[in-house]
Amino acid sequence: MNKLLVAIVVGAFALGSVAATAQVPGAQVPQGEKTPPQPVDQAKLKAERDAAKAAKAQMTPEEKSAAKKAKRKQKQQEEAQVEKVGNIPSGPQKAEALKKSVDATKSDAKALPTPADKQKALKEQEKKASGQ
């Protein structure tokens with residue numbers, strides 16, 4: 001009897017948790033969860049890619065070299081920006097950078113409170129304790 005009761009409770013819990021986590025179409029996604037990817041029109045992307053290929057094939061050698069130079073210049077500017085500012089961290093890199101920053105500031109000297117500040121804080125603490 002006890003085993004049957006345990007099995008029923010476990011089954012109800014499993015079904016309840018599955019129902020709670022199921023996504024309802026049109027429902028809002030809770031904050032912190034990833035949103036579902038947007039549908040992509042493959043035919044449109046293929047048409048754009050084919051048009052770009054055709055335009056590149058019709059370019060003269062001078063236009064091709066000018067395009068290469070422009071692309072090279074843009075890439076150099078982007079690299080210079082990364083060198084100047086640094087690569088903006090994201091995800092695990094960002095967490096690691098934050099941890100390094102916190103660790104670096106932990107050893108900083110803290111201002112010592114004056115006796116007057118200590119007394120003021122003590123009085124405020126007593127007021128809070130007596131008010132409760």
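Values reported hereafter were calculated over all heavy atoms of this structure, with side chains retained and with hydrogens, waters and symmetry mates removed.
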- Does Gln125 CD have over 12 foreign heavy atoms under 6.0 Å away? no
In Å and rounded to the nearest 0.5 Å, what is the [atom1] to [atom2] distance from [X] to [Y]?
| X | Y | atom1 | atom2 | value |
| --- | --- | --- | --- | --- |
| Asp41 | Lys46 | CG | NZ | 12.5 Å |
| Gln76 | Glu83 | CD | CD | 10.5 Å |
| Thr114 | Gln119 | OG1 | CD | 10.0 Å |
| Gln74 | Glu78 | CD | CD | 5.0 Å |

Note: Lys56 and Lys64 closest approach over all heavy atoms is O-CE, 3.5 Å
For Leu45, the other hydrophobic cluster members (4.5 Å side-chain criterion, sorted by chain and number) are Val40
Between Gln58 (side chain) and Ala55 (backbone), is there a donor-acceptor pair under 3.5 Å?
no
